[in-house]
Engineer: 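The structure under discussion is supplied below as structure tokens; questions concerning it will follow.
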Amino acid sequence: MGEWMTVTDPDLSSESKNICQYTSETKMSPSSLYSQQVLCSSIPLSKNVHSFFSAFCTEENIEQSISYLDQELTTFGFPSLYEESKGKDTKRELNIVAVLNCMNELLVLQRKNLLAQENVETQNLKLGSDMDHLQNCYAKLKEQLETSRREMIGLQERDRQLQCKNRNLHQLLKNEKDEVQKLQNIIASRATQYNHDMKRKEREYNKLKERLHQLVMNKKDKKIAMEVLNYVGRADGKRGSWRTGKTEARNEDEMYKILLNDYEYRQKQILMENAELKKVLQQMKKEMISLLSPQKQKPRERADDSTGTVISDAEEDAGELSRESMWDLSCETVREQLTNSIRKQWRILKSHVEKLDNQVSKVHLEGFNDEDVISRQDHEQETEKLELEIQQCKEMIKTQQQLLQQQLATACDDDTTSLLRDCYLLEEKERLKEEWSLFKEQKKNFEKERRSFTDAAIRLGLERKAFEEERASWLKQQFLNMTTFDHQNSENMKLFSAFPGSSDRDSLTVHSRPRQKKPHGVSNGSPVCTSKLTKSLPASPSTSDFCQTRSCASAHSSINVLNITPEETKPNQVGREGTNQKWSMASRPGSQEGCYSGCSSTYTNSHVEKDDLP
Amino acid sequence: MNFSEVFKLSSLLCKFSPDGKYLASCVQYRLVIRDVNTLQILQLYTCLDQIQHIEWSADSLFILCAMYKRGLVQVWSLEQPEWHCRIDEGSAGLVASCWSPDGRHILNTTEFHLRITVWSLCTKSVSYIKYPKACQQGVAFTRDGRYLALAERRDCKDHVSVFVCSDWQLLRHFDTETQDLAGIEWAPNGCVLAVWDTCLEYKVLLYSLDGRLLSAYCAYEWSLGVKSVAWSPSSQFLAVGSYDGKVRILNHVTWKVITEFGHPATVNNPKIVVYKEAEKNPRLALGRLAFPLPRAAAGPASTTESKYEVASAPVSLQTVKPVADRANPRIGVGALAFSPDNYFLATRSDSVPNAVWIWDIQKLRLFVVLEQLSPVRSFQWDPQQPRLAICTGGSKVYLWSPAGCVSVQVPGEGDFQVLSLCWHFSGDSLALLSKDHFCLCFLETGERVGTAFGRPGDHT
């Protein structure tokens, strides 16, 4: 405080002189009008002062009051009201100029104090509202906490109940199991008992049967007989043969012959089936090889381990194939080889399909620039790159924000001096008022723009998602196309694999080219936004330039900003609290500076709206 | 489709000769032999008592008539009508009689399964086989007629004896790991013998001809087990129907289950065609109204015409609730039959008595379900083609082939309740048996199945 006081003092005195002249000579000048207004505005105060003075100073005690005032003022560091005394005896004359100066200074001080008070009040208000908000937040959070706590208790209770139920069910299950075991034991014991009884009864029954048999046989039942007119010849025309050891052996032989025949028949059938299956396998293998071999020409260029083994495998298999055709039906070794080779081929096919999958994904990202197969790594790199870019853009935005803030902050520091100046430069003030209104309008525009920007960002997100989906579906389709192609036949496959996606690529480049042209387009896809972004984002130097110019322009207007922003931003903040809490919360710590949030909000808007500025 | 006139019959005894030339039928104690084509009586034999069982010899030269009540078997020759043979089992009694595959021996089982007597028509020799087991199916000949497998019970253990039929020599004798053997059946190739245990225990054993145990299969424990068993004609599959309402198909390589056919009461798969028999003209005759006899109630479709309708997707079949406290509950798969070409398997679940399930054996899945208006009494495959004849005890015979199915009303005055049926081996005709009568049903020989059988309901 003391510093500027000393610096500006002489300046002030000279200016005040000028004002004195103005007021005395040209009474109809605009500045005088203003001063009159000022005076008018301070009429009630002056009245008070007058009444106060009337109490303080009367006709009788002018001298004393003047000397008192002089004393008081000198103690406060003002120059003396009296003229320099030329002699000790002479009565000191009241210096009107000094009085006026003092008065002016006092007035200035008063105004400043008022201003400061107002500031403090507004800040107080703001802090109060902040406080309210925070209290609200606190209450809300407390409530939330309470509800979540209650919920948790409820859940715990439910959990406990469920556990209890579970335990009960476990117990029941165990009981049931026990019951089942018991019942099974009962059944088993009953069964054994039943079997035992049955056996006993059967023995009795057998005894009876034996007895009956004996009775029936011993009776020499005459009735048991066969009456036949004449014996007929055997169906085969042969005579019955005696039972001898020879016939027994013959029967055995015959039986084994029958069994052997059956086994031979079955073996033949199995062999036939095996041969069929082998044929199918061979064919499958051949087709696999023919299907895979053209693919291998290209990966050969890569120094990839897996592809190398693949090629060697294929060559081996080709050798095996010829060998197998030689051996054909012998089982063990060939079978193993065949299954192994089929397994290998299958693995190759699998890896190939996976590769195709990768290829498709990369192709989709990069377009069909190179004919090389695109690996998943590249794809990931690409996404990483894009993410990095987004990060950079974000950082840039942040730095720009900071820059603007600093700019405005410095303006805030300067504003005390400019305020002083402003009091006198009334015309300028008028001009600035106009400018302020313009600025407000612009701000409104910025607000609008900002909204559109956020909308665009949302749209961007959606479009990005849609794009992702589209990509996924395209990948799938491509892969399916490839596989269905695989199924067709090997010749088609060869054609296809020789020019992978040659027909598709043309159509695809159409899709992919525009994306390549605008690198940001891949990430956002919104044309409206990108055009804006490409103009605004990479032009960081230009924005900094803009900041500078802006600071020049606002060097004068910043005081207005300072004056108004607290009132202006408040509704703004209230509005924003609803829409995006983050913003207001983030700006709060800086709100001590009074205009921080206002600045930041204007910053973003101005940043976007740069083109509209003259 | 033509029908012959109706002939008299008793005890459902009517059989085509194996060579397909003759038709034997019994009326009380008379045996009538007819020519299949002309249906003229060729021979008429008179037995000593009411005939209870008849059987053609494999060469169609002889026919035996068993009169169990009197313990008598009479054999007649077609070539020599004057030739006769009478076998008396005397006081030993008789419960079963059958031909040996060579057509020169008769196997008589005496009462209480004391023994099996083998009578020869060629020589005076008589053989006895002791300890035959009294069971559902204790005697089984191989299809080529070479071997006889016989279930025996000795010392409270089950045994199987394999005899050579040519000289009745014992070839193999082995005990089986069964609690209480219920039946034996040779595979059509004559190399594998399936043995199954009593219904109290699910157990199927497979023995080689030389007595080796090839495999034992048990699907589950505790509850009632095997109810029916059937070999596929190719010996490739063994279908085992059980009391849990499922058919399990074992394969001939590993003797493991390759599939299970359940018989749920609802058919949900829309791919499966469900033919539902429906009354065509549900007009009630006045007489029927006047006499709501139990018989009429039992066979509501006996007089009205019926047709098949294709039911749409979820079809719920009529089920009977088994009585829990009775023996031999009406549950489980009680009948199984493979078509002669191995392509189809027809089954009947006793808890869904009105339905016949036909399974596609190539695809091992359900193919068609036929739901009749009354319980299915029996079904039999045409020996020549996949064509199934079904009877339900009503006056209709039902035929199914892959092309479709038809319901055929047996013409004639009064009710002709088809209780049983048997195919001629050529598949050209079908004998329909009722309680007192039989008639022949001639199927168009010139036409093939596809043309002979229109879509369901085309003609009835």
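Note on naming: letters A, B, ... go to the chains in the order of the sequence lines (proteins, then strands), and numbering restarts at 1 for each one.
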Engineer: B/L64 and side-chain contact (heavy atoms from CB on, under 4.5 Å): which partner among B/C85, B/S97, B/S57?
Structural biologist: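 For B/L64, the side-chain contact (heavy atoms from CB on, under 4.5 Å) check succeeds only for B/S97.
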Engineer: Among the options B/E221, B/R153, B/Q80, B/E82, pick out the one with the most heavy-atom pairs lying under 4.5 Å from chain A.
Structural biologist: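 Sorted descending by pairs with chain A, the first entry is B/R153.
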Engineer: Find the one option among B/R172, B/E201, B/K130 whose heavy-atom pairs under 4.5 Å with chain A are most numerous.
Structural biologist: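 If we count pairs closer than 4.5 Å to chain A, B/R172 comes out on top.
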Engineer: Could you tell me which portion of A/Y265 (side chain, backbone, both or neither) has an atom closer than 4.5 angstrom to a non-hydrogen atom of chain B?
Structural biologist: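 Contact with chain B: none, neither part.
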Engineer: Under 4.5 Å from any heavy atom of chain A, what part of B/F163 do you find: side chain, backbone, both or neither?
Structural biologist: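 The answer is neither part of B/F163.
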Engineer: Begin with the C-alpha distance, continue with both residues' side-chain angles, and end with the deciding distance and a verdict on salt bridge (Lys or Arg N to Asp or Glu O under 4.0 Å) for B/D210 and B/R212.
Structural biologist: CA-CA 6 Å; B/D210 55 354; B/R212 282 179 299 124; 3.2 Å; yes
Engineer: Please look at B/W222 and chain A and tell me whether the side chain, the backbone, both or neither of the residue comes under 4.5 angstrom of a heavy atom of that chain.
Structural biologist: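 The side chain, not the backbone.
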Engineer: Using a cut-off of under 4.5 Å on heavy-atom pairs, state which of A/E210, A/M198, A/Q184, A/R203 scores highest against chain B.
Structural biologist: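 Counting heavy-atom pairs under 4.5 Å, the top option is A/Q184.
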Engineer: Would you tell me whether A/E469 and A/W474 have side-chain atoms, one donor and one acceptor, within less than 3.5 Å of each other?
Structural biologist: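 The answer is no; no qualifying pair exists.
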Engineer: Pick one of side chain, backbone, both or neither for B/L61, based on which atoms fall under 4.5 Å of a heavy atom in chain A.
Structural biologist: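 Neither the backbone nor the side chain of B/L61 comes within 4.5 Å of chain A.
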Engineer: Is B/K133 salt-bridged to B/D158, going by a charged N under 4.0 Å from an acidic O?
Structural biologist: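 Looking at B/D158 together with B/K133, the answer is yes, because their closest N to O distance falls below 4.0 Å.
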Engineer: Is it the side chain or the backbone of B/V126 that comes within 4.5 Å of chain A heavy atoms, both, or neither?
Structural biologist: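 Neither the backbone nor the side chain of B/V126 comes within 4.5 Å of chain A.
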Engineer: Could you tell me which of A/I187, A/I258, A/N206 has the largest number of non-hydrogen atom pairs under 4.5 Å with chain B?
Structural biologist: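 Among A/I187, A/I258, A/N206, the one with the most close pairs to chain B is A/I258.
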Engineer: If you tally heavy-atom pairs under 4.5 Å against chain A, which of B/S125, B/C191, B/C156 wins?
Structural biologist: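 So the answer, after comparing B/S125, B/C191, B/C156, is B/C156.
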Engineer: Check the angle between the aromatic planes of B/H173 and B/H159 and answer parallel, tilted or perpendicular using the 30° and 60° thresholds.
Structural biologist: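 If you compare the ring of B/H173 with that of B/H159, the planes turn out parallel.
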Engineer: Between A/N195 and chain B, with a heavy-atom cut-off of 4.5 Å, which part of the residue counts as in contact: side chain, backbone, both or neither?
Structural biologist: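 Contact with chain B involves the side chain of A/N195 alone.
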Engineer: Where the side chain of B/S208 meets the backbone of B/G211, is there a donor-acceptor pair that is under 3.5 Å apart?
Structural biologist: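 Judged by distance alone, no pair lies under 3.5 Å.
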Engineer: Would you please indicate if the ring centroids of B/F141 and B/Y147 are separated by under 6.0 Å?
Structural biologist: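 Aromatic pair excluded; centres sit 6.0 Å or further apart.
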Engineer: Is B/D180 salt-bridged to B/K157, cutoff N-O under 4.0 Å?
Structural biologist: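 Judged by the 4.0 Å cut-off on N to carboxylate O distance, B/D180 and B/K157 do not form a salt bridge.
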